[in-house]
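Below: one structure, written as structure tokens.
Whatever order the structure lists them in is the order used to number ligands and atoms, beginning at 1. In this chain, residues are counted from 1 in sequence order.
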Amino acid sequence: MIKQLAALTALIPAMLSPTIGVAAAHSAPHATSAVVTLTYDASGAGQWADPIKQAVQNWNAAVHNVHLEPASSGASADYVYTATSGWPQTTLGPIFPGGSGEVQLGQQAVDEGYDTTRIAAHETGHILGLPDDYSGPCSELMSGHGPGTSCTNAKPNAAEAAQVDKNYAAGGPAVRPHRHQVVIDIWSNRVPAGAH
Ligand SMILES: [Zn+2]
């Protein structure tokens with residue numbers, strides 16, 4: 001009896017393993033996902049680290065066709081965040097993998113009283129191909145400085161998320177632009193000096 005049990009026990013793994021192999025092959029995810037992964041390097045962004053993290057999180061939660069993630073160390077990123085002393089300025093995308101976008105997070109916007117997470121999320125919106133819309137409401141990210149310093153919304157609205165999903169639909173266009181415009185954002189509602 002003991003001998004029979006032992007023989008049966010020895011048989012079970014042999015019988016199970018082919019079954020497990022087939023099951024695993026069937027449940028494996030299909031490698032046909034069209035989600036574009038964009039990598040970024042925020043190592044030179046200093047005090048903007050947390051606002052960037054939150055801005056990226058907000059975008060990733062809102063869109064489906066593109067996903068932002070930090071580049072693994074040593075790998076070249078698709079776009080870079082840096083901290084500067086000037087006005088924020090950003091490459092107007094959509095940036096695709098292998099691209100070279102740059103987000104300059106300018107201290108002057110912070111000095112004017114604007115929310116750092118909103119600034120980081122707005123500038124990231126340019127990387128994803130959204131233009132400025134300064135006359136828009138606070139609920140819109142790309143209205144930037146328009147609604148004033150009291151506006152701290154750092155999430156894209158539904159229309160903005162839909163436009164980004166469109167920009168990256170089906171993995172993006174086959175022909176991608178090589179040259180990109182740079183958008184300079186003057187985060188200020190003050191009348192420029194000398195403009196009387
Ligand atoms: Zn802008």
Exercise. Before giving the answer on ring pair (Phe, Tyr, Trp, His ring centres under 6.0 Å), spell out for His122 and Trp187 the whole-Å C-alpha distance, their side-chain angles and the decisive distance to 0.1 Å.
Key: CA-CA 11 Å; His122 171 100; Trp187 288 74; 5.1 Å; yes
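Under the 4.5 Å side-chain contact rule for hydrophobic residues, Ile119 and Leu68 share a cluster.
A donor atom on one side chain and an acceptor atom on the other are found under 3.5 Å apart for Thr39 and Asp78.
Distances from the Zn ion (ligand 1) to each N, O or S atom of His122 single out NE2 as the nearest. When the N, O or S atoms of Asp132 are ranked by distance to the Zn ion (ligand 1), OD1 comes first.
Here His126 contributes NE2 and Asp185 contributes OD1, and at the Zn ion (ligand 1) these two atoms make an angle of 140°, given to 10°.
Considering only heavy atoms from C-beta on, Asp41 stays 4.5 Å or farther from Pro70 through its side chain.
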